2 protein chains.
Amino acid sequence: MTEKDIFVDYLKQQGLKFTKQREEILNFFLKEEKHLSPEEMFDILRKKRLPLKIGRATVYRTLKLLSECGLAEKVDFGDGLNRKVITLFEHKFAHPHHDHLICLSCGKSFEFSNPEIEKLQENVARGHQFKVAYHRLKIYGYCKKCQSTKK
Amino acid sequence: MTEKDIFVDYLKQQGLKFTKQREEILNFFLKEEKHLSPEEMFDILRKKRLPLKIGRATVYRTLKLLSECGLAEKVDFGDGLNRKVITLFEHKFAHPHHDHLICLSCGKSFEFSNPEIEKLQENVARGHQFKVAYHRLKIYGYCKKCQSTKK
DNA sequence: ATTGATATTGAGATTTAATCTCAATAATAA
DNA sequence: TTATTATTGAGATTAAATCTCAATATCAAT
Ligand SMILES: [Mn+2]
Ligand SMILES: [Mn+2]
Ligand SMILES: [Zn+2]
Ligand SMILES: [Zn+2]
């Protein structure tokens, strides 16, 4: 069951079509290891000057589909204090859940997963009789490199 | 040391001025117990038809000042998946740190604080030699009421 | 109270990521 | 091949937040 199978099956199941554009975007997303924003993906796909032309709306629409079928996950890496929203899409297929440390200086993010924290979150939710769908834990600060490069 | 003192002192220390508008916005913010968005605050302050006219930019600028001096805290209650950004300002003065459970159905939020989670976060950061500035833990799902009102 | 240097203000323009519109086109199944 | 229906991209639109700038208010020093 490859990522492509998952996508194709999802589309079929939803009565949607597997188009050239969707295939191109899927392949590009899978190939890229680092997190990319929709705008970056759009720019790069445009620069490629493929025989196929891909519009901004199609990039956004396809990333939404990839999220719906479990291949991608949208994450906002903005600091929550300034206007800037930094939306990136991560690989989700065969990539276990994790949260992020986000450097306020260089913008880099670092992944971590901590089962104890996850368990405590469940407890908190249970205490509020709250049914959890998902969560986001973001720790903002300064990465090792940005601390040494003192300002 | 009242909230007003804190604000006035902060302004003075920064070489800024304590204006009618800033005082009006401070009072309104302090009076309101529930979280409000800047746009809501702007609308309400406008409807008041005070002798004093307050512009949108001044509301945003003043909320930023209130955040800088520790009286307010900006929090994004959007679900991180849809476009909508829901920026609210919480009281921070004499309100201990907490995180939120956010209902995807009714939009209500529920506060919690869990020292164990906080401690584990410190451990995670230390493990990455990461210097923490602040964090945001948001647990999305369905509140008790919205579970019973079974859609 | 007056002055003067400087910060502040609000109207409206601008920014920006994301979404929407819609007529032309492509994908699928019969 | 054909009919049905989904998809597409250009460009318009949205909406929160910020920016611009000329007019005005603040406030410390007289
Ligand atoms: Mn990640
Ligand atoms: Mn709160
Ligand atoms: Zn860094
Ligand atoms: Zn609810």
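All chains are named by letter (A, B, ...) in the order of the sequence lines, taking the proteins before the strands, and each is independently numbered beginning at 1. Keep in mind the model is a prediction, meaning the values are calculated, not measured.
The CZ atom of Phe89(B) sits 12 Å away from the C1' atom of dA16(D) (whole-angstrom rounding). Summarising the geometry, the separation between CD1 on Ile54(A) and P on dT8(D) is reported as 9 Å, rounded to the nearest angstrom. Taking atom CD of Gln21(A) as the reference point, atom C1' of dA10(D) lies 14 Å away to the nearest angstrom. Between the P atom of dA16(D) and the CG atom of Leu63(B) lies a distance of 15 Å, rounded to the nearest Å. Spacing between atom CD of Glu23(B) and atom C1' of dT9(C) amounts to 16 Å, rounded to whole angstrom units. Rounded to whole Å, the distance from CZ on Phe7(B) to C1' on dT8(C) is 12 Å. In this structure, CG of Leu11(A) is placed 13 Å from P of dA27(C), rounded to the nearest angstrom. Computed from coordinates, the Lys84(B) NZ to dT16(C) C1' distance equals 18 Å when rounded to whole Å.
Between Cys103(B) and Phe110(B) the shortest heavy-atom distance is CB-CE1, 4.5 Å.
A close approach under 4.0 Å does occur between a side-chain nitrogen or oxygen of Lys53(A) and OP1 or OP2 of dA10(D). Between Arg22(A) and dT8(D) there is a side-chain N or O to OP1 or OP2 distance below 4.0 Å.
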Which pairs, protein N/O on one side and nucleotides 27-30 of chain D N/O on the other, fall under 3.5 Å?
| unit_1 | atom_1 | unit_2 | atom_2 | d |
| --- | --- | --- | --- | --- |
| dC27(D) | OP1 | Phe18(B) | N | 3.1 |

Within the sub-3.5 Å range, which N or O atoms of nucleotides 18-21 of chain C have a protein N or O partner, and how far apart are they?
| unit_1 | atom_1 | unit_2 | atom_2 | d |
| --- | --- | --- | --- | --- |
| dA18(C) | OP1 | Thr87(A) | OG1 | 2.5 |
| dA18(C) | OP2 | Tyr60(A) | OH | 2.8 |
| dA18(C) | N3 | Arg83(B) | NH1 | 3.2 |

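Taking the six-membered ring where tryptophan is involved, the planes of Phe77(A) and His35(A) are essentially parallel, since the angle between them stays under 30° and well short of 60°.
The salt bridge (Lys or Arg N to Asp or Glu O under 4.0 Å) analysis of residues 103-114 of chain B, with sequence neighbours excluded, yields no pairs. Sorted by first then second residue, the salt bridge (Lys or Arg N to Asp or Glu O under 4.0 Å) pairs that include residues 125-139 of chain B, not counting sequence neighbours, are Glu73(B)-Arg136(B). For residues 30-42 of chain A, the set of pairs meeting the salt bridge (Lys or Arg N to Asp or Glu O under 4.0 Å) definition, not counting sequence neighbours, comprises Glu39(A)-Arg56(A).
Residue contacts for Lys20(A): at a heavy-atom cut-off of 4.0 Å it reaches the sugar-phosphate backbone alone, with no base atom in range.
Every residue two or more places apart in sequence or in another chain was checked for a ring-ring contact (aromatic ring centres under 6.0 Å, His included) with Phe93(B), and none qualifies. For His135(A), the ring-ring contact (aromatic ring centres under 6.0 Å, His included) test picks out His97(A), with sequence neighbours left out. Applying the side-chain hydrogen bond (donor to acceptor under 3.5 Å, both in side chains) test to Lys144(B) and every residue at least two apart in sequence or in another chain returns Gln129(A). Shown here are the ring-ring contact (aromatic ring centres under 6.0 Å, His included) partners of Phe29(B), two or more places apart in sequence or in another chain: His91(B).
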